[in-house]
Amino acid sequence: MLFDDDPLQRETIASVMVPVAVPGPYTYKVPPGVSVVPGTIVRVPLGPREVLGAVWDNEPDPAINPKKLKSISHVYEGARPLDKDLRRFIDWVANWTLAAPGMVLRMVLRSEEALEEEPPVAGVRKIEGAAPERMTPARSRVLETMEDGFAWTKSGLAHAAGVSPSVIDGLLHQEVLEVVSLPAAPPPPKPQVDFCKPDLTPAQREAADGLIESFDKGAAVSLIDGVTGSGKTEVYFEAVAEALRRDRQVLVLLPEIALTEQFLRRFEQRFGVYPAEWHSEVSPKNRARTWRGVASGDVRVVIGARSALFLPYLELGLIVVDEEHDSAFKQDDRVPYSARDMAVVRGHISRFPVVLASATPSIESRVNADMGRYRRFVLPERASGAALPELKAIDMRHQGPERGRWIAPELLVAMKEAFADGAQTLLFLNRRGYAPLTLCRTCGHRFQCPHCSAWLVEHRFQGRLVCHHCGHNEKVPESCPSCGSVDSLIACGPGVERVAEEVADRFPEARTLILSSDLPGGPDRLRREMKIVEEGGADIVIGTQLVAKGHNFPKMRLVGVIDADLGLAHGDPRAAEKTFQLLAQVTGRAGRVTGGGKGFLQTYSPDHPVIKALLSSDRDAFYEAEIAARQAAGLPPFGRLAAIVVSGPDKRFAEDFARAFVRAAPREPAITLLGPAEAALAMVRGRYRYRLLAMAPRQLDLQAYLRAWLEQAPRPVKGLRVQVDIDPQHFL
DNA sequence: GCGGTCATTGGA
DNA sequence: CCAATGACCGCA
């Protein structure tokens, strides 16, 4: 805050938010002759170091001793102050997540480089008429390359001429070349709204028109609920085009970096240019450019991961959240926010439309749509006209494979047909490794993780037993550690490696490929292999959940789910929802382009509502059943799932607090603890000591509830962390 | 969040 | 005995 209207010329002071976990802004002196406004980005001393900060709106804390005040040490004149909407957003997110506001600000000020002008690049240019004393082949190649008279960067020139940089240095030394300063990179080209207008189906057109209308309605939220392959992207591209026509910036959020590459290509086909990218793998330099471009308005469209929500847009006018149901939009360290929900909040604060898109919307978005809070646009058919895959259950109780095999006869027959037709098959099993459990046939010893209670999963390629929970791993022993028997260990149940073994046995002539995140070679290899599958270079693919997203596999016509029940029995209250979403996405791969796709679900519970809804392709049936099931379990139809994590210095008291909460919460009708109290109080490793899972209805202000709880505690509780996984619609 | 401070642990 | 490691505090 600026107090320069003070007639006594008292020293001016300002509130400054610092990017650390303190409860609120700190007060600093403003050096004479300097003026700051709320939002100004500054550098201030904090303890023994200096940190970035932003001038905040709060009145300076009157309790602070004025003698203690330090001065703002630097004002970033070149950077535009953070605008009022962004400051309100930061405060809102901090309050909602119970995180320190400074930690939210930190997400905005992530690129320190961006606050200064980009330094000019040194280039070299040929001096007119100059020639080296002694011509060498390398030197003449350099001079030939420079015939055009343009300036080059040193490394670019060395590369183009095929010489080492020292050759260039030599020519500089002899004053044949001179150093010039190259102008900074020009602003990126603007997307062209009408570069390549798509042909939309009537259903797509209707949805697109609906989205365009929403621009005149302030903070409207729309849900595009379209089956896999229905062309949701083309629909929201029309909303992107509308925002661009209105000279507003656009943010498209994707759950995963792996999806950006093909998105970039599609965007370029539609708008003629690449949008700016923002995610953790973007280099610091490009990150700084995008940050500056977003703030100046040079960048019109950003495609990014959740953190792109915290960029300082000049005139943001649309956020699209693609695959809105995806849990990768949730961050659970530091500031635990859901980018989907905070996108809705940001749209609300700045009065612009937000579009959520998914083939399998989250329960909360679906309920919001049903209650009229969101507009819902349904795309029931594939845009290509291809039919949705025909799905069939294989009842493993009667039609299962023989002992020690995992692929049922009926699925094998379909695989043979697909192989004969030159079509691809995907066998989906969301379990890495060879076998999820190893036991000793002599004494019955089961290999368990020494840190958690999970079974150790055998990874035969690596020859190790691995805990998928905490990462613990050990070599597969020669003999049983319990009874000492040799050659007595047996693998129980299938993982992708084991299914691949069976496929190799049944289809020796087929080209098979395992797609699993833990195979040696890392992300590069995975990317290559995805490409191989895309181009038809594999006949049978055995994959974990990473095959569910992105990537079109044009030749894929058959999907076999090895264990459709996996995930349904989980203690997670969202287990059914997650399984439905995953299996709908996976089976949706079949015949996505060509039609004629088929899918098989191997299951022991063909009557489970999730399986039945998948089989009938009746998505409404799933949502109705799931909402009813939650009500029957005494949970709010959809609520706010809170993990209350208690840690801190006084461990014994933290434990007491956790136990007291578990005892009291069931009597508080507004909060439902999930599972038996003992199970709900589960120790987690690392910094957190206790994690309680509670489901609270949307009407309850969980923050207020917890604050009241803390006030009645006999001693102050430190280190209480609350992770809230909630839908903030109600509070807007 | 991070750097400084102070206490605890562990190797002689 | 001290060095290394870890918990905790305060920052304006």
Side-chain angles (χ1 to χ4, degrees), chain A residues 1-4 6 10-32 34-76 82 87 90-91 93-95 97-115 280 284 307 310 331-337 451 645-655 657 683-690 710 713 715-723:
Chain A
M1 270 271 156
L2 188 60
F3 295 100
D4 58 1
D6 188 328
R10 207 169 50 197
E11 266 185 313
T12 58
I13 53 173
S15 276
V16 175
M17 191 80 89
V18 287
V20 296
V22 291
Y26 279 171
T27 310
Y28 285 88
K29 289 194 281 199
V30 181
V34 170
S35 85
V36 295
V37 295
T40 302
I41 300 171
V42 296
R43 180 160 274 286
V44 292
L46 183 73
R49 64 211 158 109
E50 279 205 344
V51 294
L52 283 181
V55 176
W56 223 245
D57 308 75
N58 308 47
E59 292 298 321
D61 184 352
I64 203 86
N65 174 5
K67 292 215 172 95
K68 210 172 127 187
L69 292 184
K70 294 182 181 174
S71 268
I72 292 173
S73 47
H74 180 71
V75 175
Y76 288 92
L82 307 180
R87 299 196 307 275
I90 291 169
D91 282 332
V93 172
N95 183 53
T97 58
L98 301 185
M103 295 306 291
V104 184
L105 176 71
R106 197 187 179 80
M107 301 196 286
V108 175
L109 299 179
R110 272 249 301 254
S111 174
E112 198 170 340
E113 240 182 294
L115 301 175
S280 59
S307 55
F310 294 92
Q331 168 160 303
D332 43 26
D333 56 349
R334 297 187 287 275
V335 181
Y337 68 97
H451 309 296
V645 179
V646 186
S647 67
D650 192 343
K651 279 163 206 149
R652 198 180 310 157
F653 183 66
E655 186 173 345
F657 175 84
M683 265 267 252
V684 288
R685 285 165 45 74
R687 295 177 56 148
Y688 308 150
R689 297 291 164 186
Y690 300 96
L710 296 179
R715 287 183 271 161
V717 180
K718 287 191 174 178
L720 179 88
R721 303 169 61 106
V722 180
Q723 286 177 231

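Reminder, nothing fancy here: chain letters follow the sequence lines and each chain counts from 1.
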For A:Asp61, report the nucleic acid contact type (base, sugar-phosphate, nothing); a contact means any heavy atom under 4.0 Å. base

Please report the closest heavy-atom contact between A:Lys70 and A:Gly47, naming both atoms and the distance. NZ-O, 3.5 Å

Looking at A:Lys68, does any N or O in its side chain come under 4.0 Å of the phosphate oxygens OP1/OP2 on C:dA12? no

If every non-hydrogen atom of A:Ser73 is compared with every non-hydrogen atom of A:Pro45, which pair is closest and at what distance? OG-CD, 4.1 Å

Listed by chain and number, what are the ring pair (Phe, Tyr, Trp, His ring centres under 6.0 Å) partners of A:Phe310, not counting sequence neighbours? A:Phe89, A:Tyr337

Under 4.0 Å from any atom of DNA chain B, heavy atoms only: list the residues of residues 40-47 of chain A that qualify, in numerical order. none

With heavy atoms of chain A within less than 4.0 Å as the criterion, where does contact along DNA chain B begin and end? B:dG1 to B:dG3

Of all residues at least two apart in sequence or in a different chain, which pass the side-chain contact (heavy atoms from CB on, under 4.5 Å) check with A:Pro66? none

Sub-4.0 Å heavy-atom contacts from residues 18-25 of chain A onto DNA chain C, ordered by number: A:Val22

Rounded off to whole Å, could you give me the OH-to-P distance for the A:Tyr28 and C:dA12 pair? 6 Å

Taking salt bridge (charged side-chain N to carboxylate O under 4.0 Å, His left out) as the cut-off, I'd like each qualifying pair that reaches into residues 37-53 of chain A, sequence neighbours left out, listed once. A:Arg43-A:Glu50, A:Arg43-A:Glu112

For A:Arg106, which contact category applies under a 4.0 Å heavy-atom criterion: base, sugar-phosphate, or nothing? sugar-phosphate

A:Met17 CE - C:dC11 C1' separation (whole Å): 15 Å

To the nearest Å, give me how far apart CZ (A:Arg49) and C1' (C:dC9) are. 13 Å

Taking only residues two or more places apart in sequence or in another chain, which ones pass side-chain contact (heavy atoms from CB on, under 4.5 Å) with A:Pro31? A:Val34, A:Ile72

Treating A:Asp61 as the side-chain partner and A:Ala63 as the backbone partner, does any N or O pair qualify as donor plus acceptor under 3.5 Å? yes

Let me check something: any side-chain donor-acceptor pairs from residues 101-111 of chain A under 3.5 Å, sequence neighbours excluded? List them with distances.
residue: A:Arg106; atom: NH1; partner: A:Pro19; partner atom: O; Å: 2.7
residue: A:Ser111; atom: OG; partner: A:Ala114; partner atom: N; Å: 3.4

Shortest non-hydrogen pair, A:Ala21 vs A:Ala100, comes out as CA-CB, 3.7 Å

Listed partners of A:Ile64 passing side-chain contact (heavy atoms from CB on, under 4.5 Å), at least two apart: A:Thr27, A:Lys68, A:Leu69

Students often get this wrong, so: under 4.0 angstrom with heavy atoms, is A:Ile64 touching a base, only sugar-phosphate, or nothing? base

Between A:Arg87 and A:Leu82, is there a donor-acceptor pair closer than 3.5 Å when you use the side chain of the first and the backbone of the second? yes

